[in-house]
Amino acid sequence: MAPPEVVTSPGAFSEPGEGSLSYPPRRGEQVIRVLLMAAAVLSVLTTVGIVLSLLLPAITFFRDEAGIFEFLFGGTWDPRISQKYGVWPLINGTLLVTGIALLVAIPLGLGTALYLSEYARPRVRRAVKPVIELLAGVPTIVFGFFVLTFFTPEVIKGLLNVDVGTRTALGAGVIMGFMVIPTVASVSEDGLSAVPQSLREGAYGLGASKVQVSLRVVFPAALSGVVAAIVLGASRAIGETMIVLLGAGLMPNTGIDPRPGYETMTTYIGATAQGDIPTGSLVYKTVFAVGITLFVMTLLMNIVSIRFVRRFRQVYE
Amino acid sequence: MSPPPPPPGATADAVAAPRGAPVAPANIGQRFKKGSFCALLVFCVFASGILLGTIFFDVIRDGGGKLSLDF
């Protein structure tokens, strides 16, 4: 018996790649496909270009000036005068200011997200969310001046009577935390709102209170979104320059006392790479060495968070 | 309306349990916990709003008087 004849008709459904049953794609679709692919390739090429532009001068720095061990574990950062290249004070400053920022941003951001997702009425949510997101639109230089001229002298020194100088990691960290709140709140609110209503209704049906539903049902179900929000906020805090430059100064320190000034990796890069250092000089190379260290730090953090998110991700239908 | 009486000669082999409230009302501690948690969340929202308002106030206080057409 002869096999049945395959009949194709205009409009017949076919999966991409099923050549025998598909019509040739329309010319417009081909153009769109090429444009989209070009956009994706451009993004990848840009990233590769950034990595290469950081990596090549950094490699010459590590080959000619300082070994990686001395660079990562040395306790003194003074490349201009005594030519000591221990980057630990800059990493320490970055971690300290970021830690203070996250101590402010995580509880306030998650609290805001839980309120907007579980407690606020739709009208209140529609009004409050844009106001919170307005904080993300304030230029960071304004935050920096705010720390320098108001928050440190008026609030930390005046109101709280803490003994700090003009530049302090405490002021920069706290205000940076407020800058990060919209990121944490907005992304985690999206995650909390995506939890299916049936989970809430099931918990209420079992007699759970609203607090129990929020903290023991909705929050764990949205954990991957919450972690993604925190990592995004941390990445933003690590990469922030202007608030720390104006608020915490340029003093490489290795302590964990938040009252004195500190220097972070971004502020070193920002303050040094101002165009008046000769290309190929020692200081020029240190900028790239610090830059690649910052890049690797954020990359590692993102890899860990992606693994975490994949492990705890829950997909609901 | 009370249930109909059993027919003569029938023996009852089950006794209806006394009916009470299905869910006990929340006590003061539970209500306080619920209220304070809600207040905490509202505070989180207000903290951001207060900072935003303070920044606007500070910027306008410092720079508002210096704005002019010449500027």
Side-chain angles (χ1 to χ4, degrees), chain A residues 104-120 124-125 127-139 141-151 153-155 174-175 177-182 184-186 189 204-215, chain B residues 1-7 9-71:
Chain A
V104 173
I106 289 176
L108 290 180
L110 292 186
T112 303
L114 260 181
Y115 175 76
L116 292 178
S117 163
E118 302 302 312
Y119 283 82
V124 177
R125 189 182 310 153
V128 169
K129 206 172 174 186
V131 174
I132 304 247
E133 285 171 353
L134 209 60
L135 265 178
V138 176
I141 187 76
V142 174
F143 279 122
F145 265 113
F146 181 71
V147 176
L148 188 65
T149 61
F150 182 82
F151 192 71
E154 305 281 344
V155 177
V174 169
I175 294 302
F178 276 98
M179 184 203 72
V180 171
I181 284 176
V184 175
S186 185
E189 199 266 332
Y204 284 130
L206 290 171
S209 66
K210 193 151 192 163
V211 180
Q212 289 170 326
V213 171
S214 303
L215 293 181
Chain B
M1 184 180 165
S2 60
T11 56
D13 56 358
V15 178
R19 287 191 177 182
V23 179
N27 58 30
I28 293 174
Q30 286 170 326
R31 286 182 195 172
F32 177 76
K33 190 177 164 188
K34 184 182 168 189
S36 53
F37 182 71
C38 190
L40 189 70
L41 297 185
V42 173
F43 165 76
C44 293
V45 177
F46 269 98
S48 308
I50 287 170
L51 183 97
L52 191 63
T54 312
I55 287 178
F56 279 137
F57 171 75
D58 187 49
V59 168
I60 290 169
R61 188 188 65 176
D62 290 345
K66 296 180 177 62
L67 284 179
S68 66
L69 282 177
D70 295 338
F71 175 79

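Note that the structure is a prediction, hence the values are computed from the model and not measured. Residue numbering restarts at 1 for every chain, and letters A, B, ... go by the order of the sequence lines.
The closest side-chain heavy-atom distance from A:V138 to A:F178 is not below 4.5 Å. Side-chain contact between B:L51 and A:I175: present, with at least one pair of heavy atoms (C-beta onward) separated by less than 4.5 Å.
Checking side-chain atoms of A:K210 against main-chain N and O of A:E118 turns up a donor-acceptor pair under 3.5 Å.
Nearest heavy-atom pair across A:E189 and A:L116 is CG-CB, 3.9 Å. Minimum interatomic distance between A:P153 and A:V147 (heavy atoms only, all atoms of both residues): CD-O, 3.8 Å.
Both the backbone and the side chain of A:L114 have a heavy atom closer than 4.5 Å to some heavy atom of chain B. Heavy atoms of A:P182 lying under 4.5 Å from chain B are absent altogether. Heavy-atom distances place the side chain of A:I181, and not its backbone, under 4.5 Å from chain B. If you measure heavy-atom distances from A:F145 to chain B, you find no contacts under 4.5 Å at all. Contacts of A:L110 with chain B are absent, with no heavy-atom separation under 4.5 Å from either backbone or side chain. Both the backbone and the side chain of A:V131 come within less than 4.5 Å of a heavy atom in chain B.
By the side-chain hydrogen bond (donor to acceptor under 3.5 Å, both in side chains) test, A:S186 pairs with A:E133, sequence neighbours left out.
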Would you be so kind as to tabulate the donor-acceptor pairs closer than 3.5 Å made by side chains of residues 54-65 of chain B, with sequence neighbours excluded?
unit_1, atom_1, unit_2, atom_2, d
B:T54, OG1, B:I50, O, 2.6
B:D58, OD1, B:R61, NH2, 3.2

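Inspection of non-hydrogen atoms places B:K34 of residues 27-36 of chain B under 4.5 Å from chain A.
Taking CD1 from A:I141 and CZ from A:F146, the interatomic distance works out to 14.5 Å, rounded to the nearest 0.5 Å.
Residue pairs meeting the salt bridge (Lys or Arg N to Asp or Glu O under 4.0 Å) criterion with at least one member in residues 37-47 of chain B: none, sequence neighbours excluded.
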